[in-house]
Amino acid sequence: DHHVALTVGDFNGSLDRFAERLRKFQEERGNDIQIHECRTKSEENALTAFRFVAAPAFRTYCVGNRIQGFSVDYALPQNASGAPPRTSEAPLKRMRYSHFGCNV
């Protein structure tokens, strides 16, 4: 599963264009895409908190399971479409989190 959290602004009708493109994308993929719109400040805050919880949760998982963890924060080019390459050894767990569509 993949989860994407988006914050979208409205600049001269760009929100309407974004919503239409997202609707078309969802139609093309059927039930594979589920959209949940945060409707309260509490929901927004909970979703934003996930960003700050995801990375430390990996460390907690590793310590709790007595395994060596290795976390790398790296930037990918805008046209990257696949998972970054890894060493020949398969990890026990792999978690990717990133800034999606962001100028970071």
Side-chain angles (χ1 to χ4, degrees):
D1 289 348
H2 293 78
H3 298 85
V4 177
L6 298 170
T7 301
V8 182
D10 190 5
F11 304 98
N12 297 324
S14 62
L15 183 58
D16 291 336
R17 289 190 305 275
F18 171 80
E20 179 61 21
R21 291 178 69 191
L22 184 60
R23 185 191 61 73
K24 286 181 181 178
F25 182 79
Q26 185 179 24
E27 276 181 8
E28 291 171 4
R29 281 148 182 89
N31 294 330
D32 289 345
I33 305 293
Q34 297 178 16
I35 299 171
H36 173 78
E37 182 178 349
C38 295
R39 301 200 181 272
T40 66
K41 190 64 174 172
S42 176
E43 286 183 319
E44 288 179 30
N45 290 340
L47 188 58
T48 300
F50 176 78
R51 175 180 172 208
F52 298 100
V53 172
F58 174 75
R59 174 76 176 139
T60 302
Y61 172 86
C62 292
V63 170
N65 286 282
R66 297 176 183 240
I67 59 175
Q68 176 65 48
F70 182 68
S71 180
V72 178
D73 184 359
Y74 49 88
L76 297 174
Q78 287 182 331
N79 61 354
S81 60
R86 61 178 189 232
T87 64
S88 59
E89 293 183 41
L92 296 173
K93 285 281 183 195
R94 185 173 192 187
M95 178 179 162
R96 287 190 295 159
Y97 46 96
S98 64
H99 300 271
F100 179 78
C102 176
N103 291 325
V104 172

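Below, each value reflects all heavy atoms present in this structure, side chains not excepted, and no hydrogens, waters or symmetry copies.
- Judged as a side-chain contact (heavy atoms from CB on, under 4.5 Å), and not counting sequence neighbours, Arg21 has no contacts.
- Listed by chain and number, the residues in a side-chain contact (heavy atoms from CB on, under 4.5 Å) with Thr40 are Ser42, Glu43 (sequence neighbours excluded).
- Asn12 pairs by the side-chain contact (heavy atoms from CB on, under 4.5 Å) definition with nothing, not counting sequence neighbours.
- Not counting sequence neighbours, the partners of Ile33 by the side-chain contact (heavy atoms from CB on, under 4.5 Å) test are Phe25, Gln26, Arg29, Ile35.
- With sequence neighbours excluded, the residues forming a salt bridge (charged side-chain N to carboxylate O under 4.0 Å, His left out) with Arg23 are Glu20, Glu27, listed by chain and number.
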Exercise for review: Given side-chain contact (heavy atoms from CB on, under 4.5 Å), test Phe18 with Asp10 step by step and report yes or no.
Suggested key: CA-CA 9 Å; Phe18 171 80; Asp10 190 5; over 6 Å; no
